[in-house]
Amino acid sequence: MATGSIRRGRFGALPWIGPAVVLILVMVVWPAIEMIRTSLHEIDQTGIAKGWNGISNYRSLIHNPDLPQTLVRTLLWVSIVVVLTVLISLPVAQILHGKFPGRKVVRYSIIVPWAASVVMTATIWRWILDGFYGILNRILQDFGILKDPIDWLGNPNSAFVFLMVVAIFVSVPFTTYVLLAGLTTVPDDILEASSIDGANGWKRYKEITFPLLRSALLVSAVINLINVFNSFPIIWAMTGGGPGYSTDTTTTLAYKISFRDQDIGQSAAMATVNFAIILVFISIFLKVSKWRETSE
Amino acid sequence: MKKSTRRVAFSASLVLAATGVVGISLPVAHAATVNLTMVAADYPGDGKTQQAQWDGLSKAFTAANPGITMTVNVVSWDVIDDKVKTLIATGKTPDIVNKGDYSAPAAAGLLYKASEMVSASTLADIVPTFLNNSMYNGTAYAVPDLASARALFYNKDILKKAGVTKLPTTYDELITVLSKIKAKNPGVYGYAVPMGPEEAQAEFSIWAGGNGGRMYDYTAKKWTINSAANIGAMTFLKKLNDLKYIEPNPAKCDRTACAQTLFAAGKAAFINGSVFLPAWLKANGGAGINLGSGSFVHGPGQEAVTLGVQDYFTAYKANGHQAEIQKFMDFLYQPANYADFLTAAGGFIPATKSAGAVAAKDPALAPFIALLPKAIFYPGDIATFPAVKGALQQSVGLAVTGNPAKVLGDIQKKALAAK
């Protein structure tokens, strides 16, 4: 009787989620299957499929001399950029949450790096950092900090640092806004009550605001994780993964294997491995955050 | 009632999704019209793209051949390989391609032979040297569109200021000259060495060739990227780098945006330039450069060489448009139309005998045409050349700042593994 009163249609919720399901199937699942299928095929230099060839593409990928250092670099790239992005966004969100004159202007202006095309931002940074004509060298030389100009993107180490700076620069706005949305859900009355009970600012943040921010923090971290891992345009526009392979991540390496080494099959294998890595990243991340939730 | 609404909603949403996703226009059948598609690389010319020239030619061709239309897509050199490859891999193979290599599709059996692409009379007009460089397994699978040769260009004013009166010919002489230039011209790099991804393979070939080295050994049928001569040439460049006679980070220095731009700004004394360099300088702020040219330097006991580069038209069999392709190619090689193409491309060496006879009287081109018989060319007829070219572009520049033997050894490994 109870089940009968809430009558379900034959399709349940399907009519309402149907379009989304179809879109996901066509735009996400099918390309992923196609990618995995390609990684198991022999593809010749011109792009023609020659038939199945088992795991031989994965075997050449494992023997790719550029793979080990690229994997390590990718791990550094993702962890450093995501952690610093969140660490910077937390205080920025807190400031924007406070009331001060001109808050609206500041809130809008912080969207700019996010709203601007990433390729454009990266290209502008490339010219700021240019060894011959860059404005950064000009400024540092005018202030007498540098004697000779430095080719910031020519040295693998400084290039990688600046790539991370730009990645953080374009990730902070989104993260800040997610955290800002989280902050608005923290009830004022609890904060008021705690200050009446004598909690100081830092204690209020640590004991009340931060724990309540957890879900916003989780969302922003996971989305950043995916975005930063898959980030192609920043690296491609600023260094092209170079000099050599010294600033490649696995994402740009997949492109280079395909279009420089002319090996589409191995490139698909790299892309499949990327897919697996990001799935592992996310599941570990979600596990860890769930585990925290239950332990408290 | 509820149920049926749901069902309607479900099917409606499916249809919506389907039309949204598969929102492609259905091919419209034209009874008599054949549309040829072509992808062409954009030659530098006078700073404008070649799209206008190709569109004009297409229009004239359709007027002369009703029933055949042309769609020419002009793309830049740094993306054309990727673009063509993507088109082929996704089943949208173009009919004609104009770019710098042909061996991989020839080996895969995708191409019409040169004798199928153009009529016998047009083929007979192509310069034999260039046609010989268009072979795969003894058959020509491409028709050369034009060629270029490289020469050592220099800034006369910088050399004069340094008191250099004679061009260097050997490694030792070059070191002496560059040290004088560095002493007298602060802020000027002696030699601009573009080993960035844009065209590192050219710079590598020139230096390696001057030391007696080649990319490929035709007798042994084997890539020889890390031969002793090639390592020696890169070791010499590394010496120039350590002495700060060349620009910093050559592995990042692209030909156009870096090396030629430095030269145009009067910040580099020497550069390996192509026939079109003088025209490029005029269009890009280097009109005031007091330009001279000569031969490249060579290693001990070696001879000076130049690099000849030729590009190609290739025709793909995928759409079966052989007759139409031949009509268009013959139309393009008609002297007046071909002259337009050369003009739009800007200062190259023609690939036909008839146009070559005219060009030989051009004082700007004549010295380069004279150099061509001694020129070394890329091993463009080897099927794995595109992959080796890609590997060179990506990392050969690091040999100049790092360990030449190791860098070249790694590229050699890739070359041998390419299939």
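We name chains A, B, ... by the order of the sequence lines, and we start the count at 1 in each one.
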Calculate, to the nearest 0.5 Å, the distance between atoms [atom1] and [atom2] belonging to [X] and [Y] respectively.
X	Y	atom1	atom2	value
B:Tyr316	A:Thr46	OH	OG1	7.0 Å
A:Ile48	B:Ile88	CD1	CD1	6.5 Å
A:Tyr245	B:Leu398	OH	CG	10.0 Å
A:Gln262	B:Asp101	CD	CG	7.5 Å
A:Arg260	B:Lys414	CZ	NZ	10.5 Å

Chain A heavy atoms under 4.5 Å from [X]: which part of the residue, side chain, backbone, both or neither?
X	result
B:Ala104	both
B:Asp81	neither
B:Pro250	neither

Next on the checklist: Can you confirm whether A:Tyr133 is buried at OH, in the sense that more than 12 heavy atoms of other residues, nucleotides or ligands lie under 6.0 Å from that atom?
Outcome noted: yes
Next on the checklist: Can you tell me if B:Lys113 has over 12 outside heavy atoms packed within less than 6.0 Å of its NZ?
Outcome noted: no
Next on the checklist: Show the nearest heavy-atom pair for residues A:Leu153 and B:Lys252, with the distance to one decimal.
Outcome noted: O-CD, 3.4 Å
Checklist outcome for this item: What one should report as the nearest heavy-atom pair of A:Gly244 and B:Gln394 is O-NE2, 2.8 Å
Item to check | B:Asn249 and A:Asn155: CA distance, side-chain angles, deciding distance, side chain to side chain contact (heavy atoms under 4.5 Å, CB included) verdict | outcome: CA-CA 8 Å; B:Asn249 298 309; A:Asn155 173 304; 5.7 Å; no
Please classify the contact of [X] with chain B as side chain, backbone, both or neither, using a heavy-atom distance under 4.5 Å.
X	value
A:Ile43	neither
A:Asp261	both
A:Asp148	neither

Checklist entry - Based on non-hydrogen pairs under 4.5 Å, which of B:Pro386, B:Pro105, B:Pro248 is most in contact with chain A? => result B:Pro386
Next on the checklist: Among B:Thr401, B:Leu262, B:Val84, which residue has the highest count of heavy-atom pairs closer than 4.5 Å to chain A?
Outcome noted: B:Leu262
Next on the checklist: Apply side-chain hydrogen bond (donor to acceptor under 3.5 Å, both in side chains) to residues A:Gln45 and B:Lys85 and explain how you reach the verdict.
Outcome noted: CA-CA 8 Å; A:Gln45 282 195 65; B:Lys85 187 180 188 130; over 6 Å; no
Checklist entry - Are B:Thr261 and A:Phe132 side-chain neighbours, meaning at least one heavy-atom pair lies under 4.5 Å? => result no
